[in-house]
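To keep things clear, I will list the structure first and then write my remarks on it.
Reminder, nothing fancy here: chain letters follow the sequence lines and each chain counts from 1.
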There are 2 protein chains.
Amino acid sequence: MATIYQVSEMAGVSLSTVSRVLNDNDYVSKKTKKKVLEAMKELGYQPSSIARSLASSTTNSVGILVSELDGPFFGQMMSAIEEHLRIAGKHVIITPGHSDEKKEKSGFEFLIGRNCDAIIAHVEAVSNEYLIELSKGKTPIYLMSRYVKEIEDNCISLDNVMGGYLATKAMINKGHKNIAYIAGPQFKEDASNRLKGHKKALAEYNLTFDESLYYVGDFKETGGSDGLRHFIQNKAQITALVCANDEMASGAMKYAREHGFNLPKDLAIIGFDNVIFTNYLYPTLTTIDNPVPEMGRAAANLVLKDIYKKSGITVKHVFQPKLILRDSTPDIN
Amino acid sequence: MATIYQVSEMAGVSLSTVSRVLNDNDYVSKKTKKKVLEAMKELGYQPSSIARSLASSTTNSVGILVSELDGPFFGQMMSAIEEHLRIAGKHVIITPGHSDEKKEKSGFEFLIGRNCDAIIAHVEAVSNEYLIELSKGKTPIYLMSRYVKEIEDNCISLDNVMGGYLATKAMINKGHKNIAYIAGPQFKEDASNRLKGHKKALAEYNLTFDESLYYVGDFKETGGSDGLRHFIQNKAQITALVCANDEMASGAMKYAREHGFNLPKDLAIIGFDNVIFTNYLYPTLTTIDNPVPEMGRAAANLVLKDIYKKSGITVKHVFQPKLILRDSTPDIN
DNA sequence: TGCGTTTTTACTCGCGCTTTATAAAAATAT
DNA sequence: ATATTTTTATAAAGCGCGAGTAAAAACGCA
């Protein structure tokens, strides 16, 4: 690999001159600039970002910490962030935390150790205190889908209470009274907030929250099927099922069909997140739109503005979910 | 941030001694080792991987270049690779190439510039020649789902011709004779190989390949719906539809239903890849299993063996697809 | 032509760590 | 008790680059 030194030698100038043309600094004449550029091309020179980082203590890369590398939710998120950052010439370093406290912490450490200029994290297992503490460190931390009051300027979040409320209210408006709820793991803030919204909607219409119509799933397809099985085994009389995310809704749909339900007539189902495949399910799934791509762009914009000092950027911090009505929740007569 | 220097000072030893305990080198007594370790803990010392990389020209990180950050296919792939590498204490740096030649090249450059110890790439737009040339560089390149003869030892691939063959043969075996095919973009090698397999199966059963039953899609849901619309508009009389991947199959299913088809009776559909949600579609989708996670692990193993010199590893380079029969392809009477 | 300016270039140090070569200390042998 | 080996620690030289400072060259004007 050619180094800056060889370039300088070939172009007949000093090291720092080469460095200056690299960084597009002023104070270098067109003639020498051209000479240097030619030498670079000739040698196939490629600056070492490692050395660069060490010298300048800035890496032009931002760390992304997500729960999983797969799944439609995180896919959309990573994709939106990356795309937006790439336009500004910044790169991303992605690492998964698997919703596990230790792994999330080690993810942070890795990213910090790599000298990322900032970190955008979607973490669920670490405590607020840990995050607040971490924010005092040298690497700025931005939080996706999580609201921590003490560092709210670094948070991009969805109003999950509202989302949960909208979902259940939609069912009520369709005429349902016996509504079961499959929640996500309650240590996850969005899951517990969605549940709050559900309860709020019930209360508003004078329906009581019934423990026997409540099941905690895993946010995956299995959570949906397990939940519905649970309700069926307990002979719960339900006409509507609210799921805390789309994967669980799709699992429940499959289980329902396999057990003689005629969808959507026998059971109305609603999901949450509006992940891409919901529109390809049958019946198409009514759900709550979670503007993940938009939020990803917001997070990216936030670091562009704060860290890379781009001007003219304003970002929204709290996003609103909205109801997407499709075929899985017909009117009942 | 504490540096190695401060640790050495606090422990009362020299820089290099600290470095040696960091790297678990011999030639350091237990007593001094303990002293150093304590000093590190006290200072909350965290080695700078940047400086480390610069000095040792090894980064303990492998680059991953995929087409997209979202989508079930790449999600599974990244996830499998990352998980397997992490066990060995290696980290991944992921960047997308968007199936675009320029972007793929710039992805390679980024990863090489970051001094990755190796790169695992799923690229589709760059030429074989480019890859061969790249392989001569300092950073070893491994290819996922792509077979390039000259560097076959660095390739992990699926027998796509066989896969395409199995899919169409399955339809024929079910009794279909009028089989339409929605292909993927033909510059992508797997797409063109799957098509080859399709033609091979047709030929084997004396069916002629009919251009009017052929459509090139985009490997996304829209490709499936566009393709089926195309066939319908051209009044193609078909009883079976073979799609070159699952996303397109799901798009076609949705379109079919919206246009009065009674699935699976009126139209048998098969996909390709066996992506997770195929099992949650209705009817559940018959497809060809693409052992992506297994292949991801194989790629990870390959770099563990070649680059990090782990012993006792043998890896399979070419994987075989297999037919997964589900409800979307019933027997016809 | 000479002096002050402005533009352009060169030197040098340091970022935080690894890695020789080398010296000192401890252990063993003679 | 000295010579020899083995073990442990040190000092110094980079890795490739950025940035601040000093120096040189080019320019302007009287």
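- Checking side-chain atoms of A:E124 against main-chain N and O of A:F187 turns up no donor-acceptor pair under 3.5 Å.
- For the pair A:R20 CZ and C:dA10 P, the computed distance is 8 Å after rounding to whole Å.
- In this structure, A:K31 places its NZ atom 13 Å from C1' of C:dT9, rounding to the nearest Å.
- Heavy atoms of B:T32 sit under 4.0 angstrom from primed sugar atoms or phosphate atoms, though from no base atom.
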Might you list the N or O atoms of the protein lying below 3.5 Å from N or O atoms in nucleotides 12-14 of chain C, with each pair's distance?
none

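- Place B:S56 and B:K30 on DNA chain D by their nearest nucleotides, and B:K30 ends up nearer the 5' end.
- Under the 6.0 Å distance and 45° angle rule, B:K105 counts as a cation-pi partner of B:Y130.
- Recorded end-axis angle for the helix from C:dT1-D:dA30 to C:dT30-D:dA1 stands at 40°, based on five pairs per end and rounded to 10 degrees.
- Residues from residues 42-51 of chain A lying near DNA chain D, meaning a heavy-atom separation below 4.0 Å, are A:Y45, A:P47, A:S48, A:A51 in numerical order.
- Annotation: cation-pi pair A:K188/A:F219 absent, no NZ/CZ under 6.0 Å from the ring centroid and within 45° of its normal.
- Using a 4.0 Å heavy-atom distance criterion, A:V13 is classed as a sugar-phosphate-only contact.
- Remark: B:M40 CE to B:L22 CG distance equals 4.0 Å, nearest 0.5 Å.
- One N or O on the side chain of B:E104 and one on the backbone of B:V126 form a donor-acceptor pair closer than 3.5 Å.
- B:K30 meets the salt bridge (Lys or Arg N to Asp or Glu O under 4.0 Å) test with no other residue; sequence neighbours excluded.
- Side-chain atoms of B:T59 come within 3.5 Å of backbone N or O of B:N115 as a donor-acceptor pair.
- At C:dC15, none of the side-chain N or O atoms of A:S57 fall inside 4.0 Å of OP1 or OP2 (strictly under the cut-off).
- Within the 4.0 angstrom heavy-atom criterion, only backbone atoms of the sugar-phosphate kind lie near B:S29; the bases stay farther away.
- Ion pairing between a basic and an acidic side chain is recognised when a charged N comes within 4.0 Å of a carboxylate O; A:K33 and A:D24 show such pairing.
- Side chain of A:T139 to backbone of A:I112: no donor-acceptor contact under 3.5 angstrom is found.
- Atom-to-atom distance recorded for A:N154:CG and A:I141:CD1 is 8.5 Å, nearest 0.5 angstrom.
- Partners of A:S16 by side-chain hydrogen bond (donor to acceptor under 3.5 Å, both in side chains), not counting sequence neighbours, listed by chain and number: A:S14.
- Listed for the A:D117 side chain is a donor-acceptor partner under 3.5 Å among the backbone atoms of A:N60.
- Using modelled atom types, no side-chain atom of B:H91 and backbone atom of B:S61 make a donor-acceptor pair closer than 3.5 Å.
- Between the P atom of C:dC11 and the CD1 atom of A:I4 lies a distance of 14 Å, rounded to the nearest Å.
- The footprint of chain A on DNA chain D, defined by a heavy-atom cutoff below 4.0 Å, extends from D:dG16 to D:dA19.
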